[in-house]
Amino acid sequence: MGYSKDVYEQAMNVLNERRANEHAQTEERKQAFYRQYPRAQEIETQLASTAITAAKAVLRSGNTRETLMKLRESNVALQEELRELLAAAGLPEDYLKPHYACALCQDEGFLDGKMCSCLKALMRAEACRKLNALTPLALSTFDSFDLKYYSDTLEADQKTSPREHMEQVLQYCKNYAERFSMESPSLLFRGGTGLSKTHLSLAIANVVINKGYGVIYDSVHNIMNSLERERFGKETGSEDANRLLMECDLLILDDLGTEFSTSFVTASIYNLINTRLMAQRPTIISTNLTLAELEKRYTERFVSRIIGSYVRLPFYGRDIRQQKSAERYQKSKPEGEAI
C-alpha cells in the first residue's frame with residue numbers, strides 16, 4: 001500500500017514551491033548581475049540561441065561539420081568570457097544557474113520516470129508529521145526537565161539517590177539525542193508511573209527531528225489500534241501505518257503494556273520490534289512493567305530480544321504528576337485552610 005493522495009500532494013507542493021522559489025531567486029541574481037555587467041546578458045542571450053543558430057546554419061550550408069565546429073568554438077569562447085565576468089565580480093561559475101535542493105531531479109520529484117529519493121523522503125516526513133500531529137512535542141524538552149522532583153536522599157538498596165541517578169539518565173538522553181544516527185542503540189525506559197519517561201523520550205524526539213530524521217511517537221495502545229484498523233479493513237485512505245512504523249528513522253513506543261492484549265497485538269509488537277532490530281533502526285520503548293512482567297505478558301523470546309539488544313535505563317523516584325498536583329492544590333488553597 002502506498003501513501004495517501006494528500007500526503008503525495010503535500011510533498012509535491014513542497015517540491016513545486018522549492019523549484020519556484022529557486023527560479024525566482026535565480027532571476028533576481030541574474031538581473032542584479034546584468035545591471036552591473038550588461039555584456040553578461042548579451043552572452044546569455046547568444047548562448048541560448050545557439051541551438052537555433054546551429055539548425056539554420058546546417059540548412060544553409062553544405063559543410064555541416066565545419067559549421068558546427070565554428071559554432072562550438074564560438075560557444076566555448078562565450079562561456080569563457082562569462083566565467084571571466086563572474087570571476088571579476090568575485091562570484092562562482094554557477095552563480096547564474098538555479099541551485100536546486102535536489103541535484104538529481106532538480107526538485108521535480110521524478111528521475112527517468114521513477115520517483116526520486118527526495119520525493120520519497122518528503123512523503124515519509126509528511127506521513128510522520130501527520131502521525132505526530134497530536135503529540136505535545138513542544139511541551140517536552142530537556143530544558144523543561146526538572147530534577148527537583150527527584151529525592152536527593154539515598155535509599156538503603158541504592159548506590160545513588162534518585163536525583164543523582166536521574167541526572168545521569170538525563171545526561172545520557174541528551175548525549176543520545178545530540179549524537180543520534182542510524183547506528184544508535186535502542187533504549188528501554190522502565191519505571192513506575194509519572195517519572196517522566198514520556199518527557200525524556202519526547203525531548204529526544206525534538207532534537208532528533210531538528211537534525212532532519214523522521215521520528216514517530218505514539219502510545220502502543222494507539223499504534224496497535226491503527227494497525228488493527230489497517231489490517232482488518234476498518235480504515236480507508238491510511239498512510240500504511242505498518243510500513244511507516246517499520247521504516248521511520250526513530251520509533252518511540254510509549255506505555256508498552258497498557259494496550260489491550262490479543263494474539264494479534266502481541267504478534268504485531270514482537271514483529272515490529274524484531275524487524276526494526278534486524279534493520280538496525282533505533283527504537284525507544286517506555287513501560288511501567290518489570291522485565292518479569294514483560295516476559296509474562298509478551299513471552300520469554302520477546303524479553304530476550306530486549307535484554308540482548310536494548311540499552312536499559314531504569315527510572316527512580318516518586319510520581320511527579322502527583323507532586324505537581326499537590327503543588328497546584330497548595331497554591332490554590334485559601335490561606336489558613338487545613339490540608
Side-chain angles (χ1 to χ4, degrees), residues 1-26 94 97-135 137 176-177 179-186 201-202 204-218 222-231 233 235-253 268-269 271-284:
M1 184 186 297
Y3 295 109
S4 65
K5 181 180 178 182
D6 60 324
V7 168
Y8 169 78
E9 290 179 345
Q10 180 60 33
M12 285 303 301
N13 287 340
V14 172
L15 284 180
N16 291 336
E17 186 175 353
R18 283 181 184 175
R19 189 175 174 84
N21 288 341
E22 183 52 40
H23 285 176
Q25 291 175 20
T26 301
D94 64 349
K97 298 178 181 178
H99 302 153
Y100 298 110
C102 180
L104 294 176
C105 71
Q106 298 185 342
D107 294 342
E108 291 186 344
F110 290 86
L111 186 65
D112 297 330
K114 297 182 179 179
M115 189 177 291
C116 184
S117 58
C118 69
L119 177 55
K120 292 179 181 178
L122 283 171
M123 292 173 68
R124 184 169 62 248
E126 172 61 15
C128 289
R129 186 196 65 76
K130 292 186 70 175
L131 277 182
N132 289 326
L134 300 179
T135 300
L137 282 172
Y176 182 91
R179 301 170 185 172
F180 181 83
S181 71
M182 298 313 296
E183 285 73 47
S184 294
S186 291
S201 63
L202 288 176
I204 290 173
N206 262 314
V207 175
V208 173
I209 287 172
N210 287 332
K211 289 166 69 72
Y213 290 98
V215 179
I216 291 178
Y217 162 88
D218 208 343
N222 289 341
I223 287 174
M224 289 303 110
N225 283 344
S226 294
L227 292 181
E228 283 188 317
R229 287 195 298 270
E230 184 175 283
R231 171 67 176 81
E235 185 174 88
T236 59
S238 71
E239 275 74 66
D240 194 350
N242 188 60
R243 185 179 67 181
L244 287 172
L245 295 169
M246 295 294 187
E247 295 181 358
C248 67
D249 299 320
L250 175 62
L251 174 63
I252 300 177
L253 301 173
S268 296
I269 292 174
N271 182 55
L272 179 58
I273 290 173
N274 188 59
T275 300
R276 288 186 62 83
L277 282 174
M278 296 294 289
Q280 296 184 318
R281 295 185 181 277
T283 305
I284 297 176

Worksheet item: Between R281 (side chain) and L245 (backbone), is there a donor-acceptor pair under 3.5 Å?
Response: no

Nearest 0.5 Å please: distance from the [atom1] atom of [X] over to the [atom2] atom of [Y].
{"X": "C105", "Y": "L119", "atom1": "SG", "atom2": "CG", "result": "8.0 Å"}
{"X": "C248", "Y": "I216", "atom1": "SG", "atom2": "CD1", "result": "4.0 Å"}
{"X": "Y8", "Y": "L122", "atom1": "OH", "atom2": "CG", "result": "12.0 Å"}
{"X": "L277", "Y": "T283", "atom1": "CG", "atom2": "OG1", "result": "6.5 Å"}
{"X": "M123", "Y": "M12", "atom1": "CE", "atom2": "CE", "result": "10.0 Å"}

Fill in: Any pair counted as side-chain hydrogen bond (donor to acceptor under 3.5 Å, both in side chains), so long as it reaches residues 102-113, sequence neighbours left out
R19-E108

Worksheet item: Between L253 and L272, does a side chain to side chain contact (heavy atoms under 4.5 Å, CB included) hold up when you go through it step by step?
Response: CA-CA 10 Å; L253 301 173; L272 179 58; 4.2 Å; yes

Side chain to side chain contact (heavy atoms under 4.5 Å, CB included) with [X]: which residues, sequence neighbours excluded?
{"X": "V207", "result": "F142, A177, E178, K211"}
{"X": "S184", "result": "Y176, F180, S181, P282"}
{"X": "E17", "result": "N21"}

Discussion item. Tell me every residue that passes ring pair (Phe, Tyr, Trp, His ring centres under 6.0 Å) with H23, counting only those two or more places apart in sequence or in another chain.
Written reply: Y100

The criterion is side chain to side chain donor-acceptor pair (under 3.5 Å); which residues satisfy it with [X], sequence neighbours excluded?
{"X": "N274", "value": "R305"}
{"X": "E22", "value": "T26, R29"}
{"X": "T275", "value": "N271"}
{"X": "D249", "value": "none"}

Worksheet entry | Candidate pair I284 and Y217, rule side chain to side chain contact (heavy atoms under 4.5 Å, CB included), full reasoning | CA-CA 9 Å; I284 297 176; Y217 162 88; over 6 Å; no

At their closest point, which heavy atom of [X] faces which heavy atom of [Y], and how far apart are they?
{"X": "L15", "Y": "C118", "value": "CD2-SG, 4.1 Å"}
{"X": "R276", "Y": "M246", "value": "NH1-O, 3.2 Å"}
{"X": "I252", "Y": "S201", "value": "CD1-O, 3.3 Å"}
{"X": "L111", "Y": "L104", "value": "CD1-O, 3.2 Å"}

